[in-house]
Amino acid sequence: MKLTYEKLAYQDKAVSAVIDTLSGHDDTMNTIETDPGLLADSVRVTLTNSGATYPRENYLDPFPQFNIEMETGTGKTMVYLKTIMEIHRRFSENKFVIVVPSRAIKAGVEDSLNKLRSYLADIHNTNKYHAFVYDSKQISQLQSFAGSSFEIMLTTVQAFNSSNNVINQEYSEGFWGGRPLDQIREANPIVIIDEPQSVDGADAGKRAIESLNPKIVLRYSATHKDKQYPLLFNFGPVDAYNEGMVKHIETLGTDVNTDGNIPTVELKSVEFKNGALQAKVVAYKETDEEFSKKIITLKNGDVLSKKTKNPRYESLGEVTELNSVEQFIEFRNGERATVGAITGENEIWLNAQLHALIKDHLNRELQLQKRGIKVLSLIFLDSVENYRIYTDHGEENGQYAKLFESIYSEVLHSNPAYQQLNDYNVPVNEVHDGYFAMDKATKRKPAQYRDSRGNADTVKDESAYDKIMTNKEALLTQFVPNNERTNTPAAKLRFIFSHSALKEGWDNPNVFQILTITTPANDLTRRQKIGRGLRISVNQKGERVYGPHNVVTIYANETFEEFASGLQDEYIQSGQLTNKIDEGFFAGMIINKAPDPVTQIDENGIEERQRSDLDDSERAKQTTTVTMIESQKFLTVLKQADVVKPDGTPRLKQLKNIATPAKRAEIVASAARVGLDARTTDALIEQTHVHFNVPTPTNRRERRTVELTGKNNEYFTDLWNQIAHKVNYHVRFSESELIDDIVDGDNPLCKIQVTPMTAIQTRARLRLATNRIDDEVVETNTTHPTWDNMPIMDVTRQIADRVGLTRAAIIQIILHSAKIDPGFMTRLKQNPALFVRRAINNIQVHQRKLLNKSLVYVQSEELWSKDKFQPYEAAGNTLWQVPDRAFVKTLYKQIAVQSKEEENFAKALAQEERIRYFLKLPNWFKIPTPFGNYNPDWAILAESDGESRLYFVVDTKTTREMGELSAKEQDRIRAGRQSYAADGFDKVRFEAPVKVIGDLVI
């Protein structure tokens, strides 16, 4: 197949922005405007039209430089090649140098130069260029720069940024009689920089570009770092996303939950905080009934097993080293956890992710095969040897290649619908291949693939680029059975494995799935991952095919929230998303102060807006540029208006109101007091409102102080004297009674439910806005993985240690349970960690049962003091206001309630005539129980006949039925009832669960 090229409006706008600027916005101009003043005016017009900010004018010295921003996948190379053609046609410029940062990008640009030569000459109606790649071994190529022909030279910056480079050497003999570089300098070329942040981000790169003696420099990137150059055109990620010019992005993450069976330690970060190095790790921590993944903070000397209360980590010992540079922690036993590596559960994670990728791939093929769109998947490896190994017998599959082939065969034959696929009968070893750097063959060993290192920019890496660039179109060709033309290795290839060699400089429009098997050495950013598959897909005619199928799925080694947040941070760091307003936020913004066009009514009553008669140069004079001082002043105004927090973060609620007439008038008035005119302020308000378009914030109530009504109340004193005594308890039962109850009683151990381990896959779609990235879950899928290498767990010891029984007793319980239920041992083995937690809980239930039977309370001589009642703070939205007439019936003017039912109960107490006094018991009023401290809700004093006083301690619930409460709630209520049955509480009645006041017998 052969790719076809489409005329895209945004690409033409990018070219026009450069040509208009260089021509001074004069259609008759046929030379580049070089006068600094006139060129600066032209730049102002361009920036006014695009809404960009105007930088300081040092961009003109020593030669003009301009930024053009193009999102990955939108045709940046095509745009600057079209710009070259138009500069040549319009201004008769013949000498161009394209400078790139790496061999990977060089290979991609070289491929484009070769394939676009005729196409570009045709559409721009001009002669064809002669393009060559600079090679220090073929220095004579530079002779062509001395003539008048149309030349494009492609080079990496490393070829001329050092005095040791061949191009910078002085030659006293031969053709040159000087430096080869002088041939370029004398040509005074137009220089195109591809990815300038990597080319001249350092001083050496800047000196190298200056050494070319460029007439002008055009800088093309998706992530400009040098903002001092005017941004003539911007087609960023949000523009590309909104206009449908790139694929939409979704992420699929797999959260593996082994319930602590596999002692996973996932390191999130190591940083210096509070005077010491601290590591944050994800590990399994004990919760009520199971082990759950939690973030744990570790310092040197900490023991993970103690911080998680998880004996599975005991073998690690204490933390012996934390390293914030290499981002790892090490334990006493020598095991090391490193950021990006998930120890323990990685095999299950990788199985699940590969399974999902292959299934998605095949399903997309079912959807797109008839439309002529070949589906490709890209898998980045942590190490080449995990995919391909070399033995005395030759090349063999590594562990990942074997795993891929196993899962591919399993998925392919799992659905009869896949038999419709053209590739159904293609042997599995032909559907995948690797693109890696290669060590050349020697006498001692054959050529071998190897890992790309560092920035993947060595001569050896070119083998990977050459191979995949040569096959770029062939990779897009669909295999069709019995069609000889498509019976090629490239047509059959659908799954591409690579190391970091393909992280930049290469993408393919039909990559729909990208999986990264990460390790600490893998430095792929999230933007690099998605960048390999952002282009719109093409069919067998090489035509772009737009539509909702254009989605690239990233199989991430993190949650979808983490991926979205991390991607957002990368966009913010590169300046493409902004979530704060700093002092220079508005600086350089161009404001048009020309009078608005006059609106008139024609004879038919239709409004007509008259065009301005000002030309571009006159319009430039009607503009003003916001200075740094003005930007600082407006930021101060926004802070004073409470629109922006002290750290520059906008306040969401105030930001929603900034464009309302009242708020706008307030800000305009404040700005006038610091010297900003109304036109400028209006423009800055609009910029703020448009940029930070935020959802309505959640309303959070402030905390309030709750005051006492007074303690000098007869009823209060009487009620408190009745209930203020503290209590103690004791219990007694035998171990044999407990064992019998566990094995043969109600809810026996053999009936506990133990669920398998889970792997939950969450698919989320990402949406880009100017200041954030939102995510929306579109699908979840839960599977139950098995693992043959499950670590052996000492089940009996772990249970015995937690329930206070001997190991012999636990063994006896397990053996008896296995005799009663034959499936008992199978459930135990499929998830030992969860079994341990559920068994502990089950045994404790039986212990509580016997505790309840033998529980006895006695009243203590110690009293709860009335002095503990003091004003307190509570969230305003939890407070119920006591009516004034009821102040004499309770202690506080407001009552903190936890539910609507509690609020209704409080209202009923206040209204009921027979209730003389009621009190919401404070959280320090606790009844000790074997099941934890118990805090009832209410103390109530009632009079049944106007004289007889009744005293209640009440616990309100949403139900009257004990059986509908949790086991812990039931145990505590039973213990509470026992405590008020103790001698000394003869007049106090304990009532629970109570739903409404009518449940009390008064």
Side-chain angles (χ1 to χ4, degrees), residues 254 341-342 345-362 365 374-414 418 421 423-439 445-453 456 460-461 463-464 467-468 471 474-475 479 488-503 506 508 511-519 521-522 524 529 532 555 557 785 787-789:
T254 298
I342 305 174
E345 294 177 348
N346 193 50
E347 185 177 329
I348 294 175
W349 173 85
L350 181 56
N351 270 272
Q353 292 290 78
L354 265 179
H355 192 281
L357 178 143
I358 293 168
K359 186 176 180 181
D360 283 349
H361 182 112
L362 297 180
E365 287 183 327
K374 181 180 178 182
V375 177
L376 295 173
S377 292
L378 178 59
I379 302 166
F380 285 105
L381 300 171
D382 51 1
S383 174
V384 172
E385 67 179 11
N386 284 328
Y387 178 75
R388 186 166 288 150
I389 57 177
Y390 299 90
T391 68
D392 294 339
H393 307 292
E395 235 177 65
E396 293 183 5
N397 279 344
Q399 59 173 325
Y400 292 161
K402 291 177 182 177
L403 180 63
F404 170 83
E405 292 189 355
S406 171
I407 296 176
Y408 177 84
S409 298
E410 174 194 337
V411 176
L412 183 68
H413 296 100
S414 67
Y418 296 148
L421 298 176
D423 306 87
Y424 183 76
N425 291 314
V426 174
V428 64
N429 64 309
E430 294 184 40
V431 305
H432 67 101
D433 197 6
Y435 285 80
F436 309 116
M438 178 177 282
D439 287 327
K445 65 177 183 179
Q448 293 186 4
Y449 292 113
R450 64 167 185 81
D451 292 345
S452 295
R453 291 180 172 83
K460 294 176 181 179
D461 290 303
S463 57
K467 181 179 178 183
I468 202 158
N471 285 344
L475 279 172
F479 170 77
T488 65
K492 296 177 182 178
L493 175 62
R494 293 135 68 211
F495 298 87
I496 300 168
F497 286 79
S498 182
H499 196 252
S500 57
L502 300 185
K503 73 179 183 180
W506 177 87
N508 189 296
V511 169
F512 286 90
Q513 293 81 221
I514 301 174
L515 167 64
T516 307
I517 304 171
T518 60
T519 64
N522 194 308
L524 277 169
K529 291 176 188 177
R532 302 314 103 215
Y555 300 82
N557 65 327
W787 200 34
D788 296 333
N789 301 319

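Side-chain atoms of Ser406 never come within 3.5 Å of backbone atoms of Leu403 as a donor-acceptor pair (strictly under, hydrogens ignored). Between the Lys374 side chain and the Leu475 main chain, a donor and an acceptor come within less than 3.5 Å of each other. Checked by atom type and distance alone, the side chain of His413 pairs as donor or acceptor with a backbone atom of Ser409 at under 3.5 Å.
The structure places OG1 of Thr488 at 9.0 Å from CZ of Phe479, a figure rounded to the nearest 0.5 Å. The CD1 atom of Ile496 lies 5.0 Å from the CG atom of Leu376; values are rounded to the nearest 0.5 Å. The CG atom of Leu412 sits 8.5 Å away from atom OH of Tyr418, with the distance rounded to the nearest 0.5 Å. Note that OH of Tyr555 is 13.5 Å distant from CG of Leu350, once rounded to the nearest 0.5 Å. Of the inter-residue distances, the one linking Asp423 atom CG with His361 atom NE2 reads 7.0 Å to the nearest 0.5 angstrom.
Checking each of Arg494, Lys492, Arg388 against Asp433 for a side-chain hydrogen bond (donor to acceptor under 3.5 Å, both in side chains) leaves exactly one that passes, namely Arg388. Of the candidates Leu357, Val511, Leu515, Thr516, Val511 is the only one forming a side-chain contact (heavy atoms from CB on, under 4.5 Å) with Leu378.
Residues Leu381 and Phe497 approach most closely at CD2-CD2, 3.6 Å, considering heavy atoms.
Contact annotation: the side chain of Asn351 approaches that of Glu347 to within less than 4.5 Å [non-hydrogen atoms, C-beta and beyond]. Counting heavy atoms from C-beta on, the side chains of Ile514 and Phe380 come closer than 4.5 Å. Taking the side chain as every heavy atom from C-beta outward, Tyr400 and Leu354 never approach each other to under 4.5 Å. Looking only at side-chain heavy atoms (C-beta outward), Phe512 and Asp360 stay at 4.5 Å or farther from each other. Side-chain contact between Gln353 and Ile517 is absent, with no heavy-atom pair separated by less than 4.5 Å. In this structure, Phe495 and Ile358 have side chains that are in contact, with non-hydrogen atoms separated by less than 4.5 Å. Looking only at side-chain heavy atoms (C-beta outward), Val426 and Val431 come within less than 4.5 Å of each other.
Counted by atom type alone, His432 and Tyr387 present one or more donor-acceptor pairs between their side chains at under 3.5 Å.
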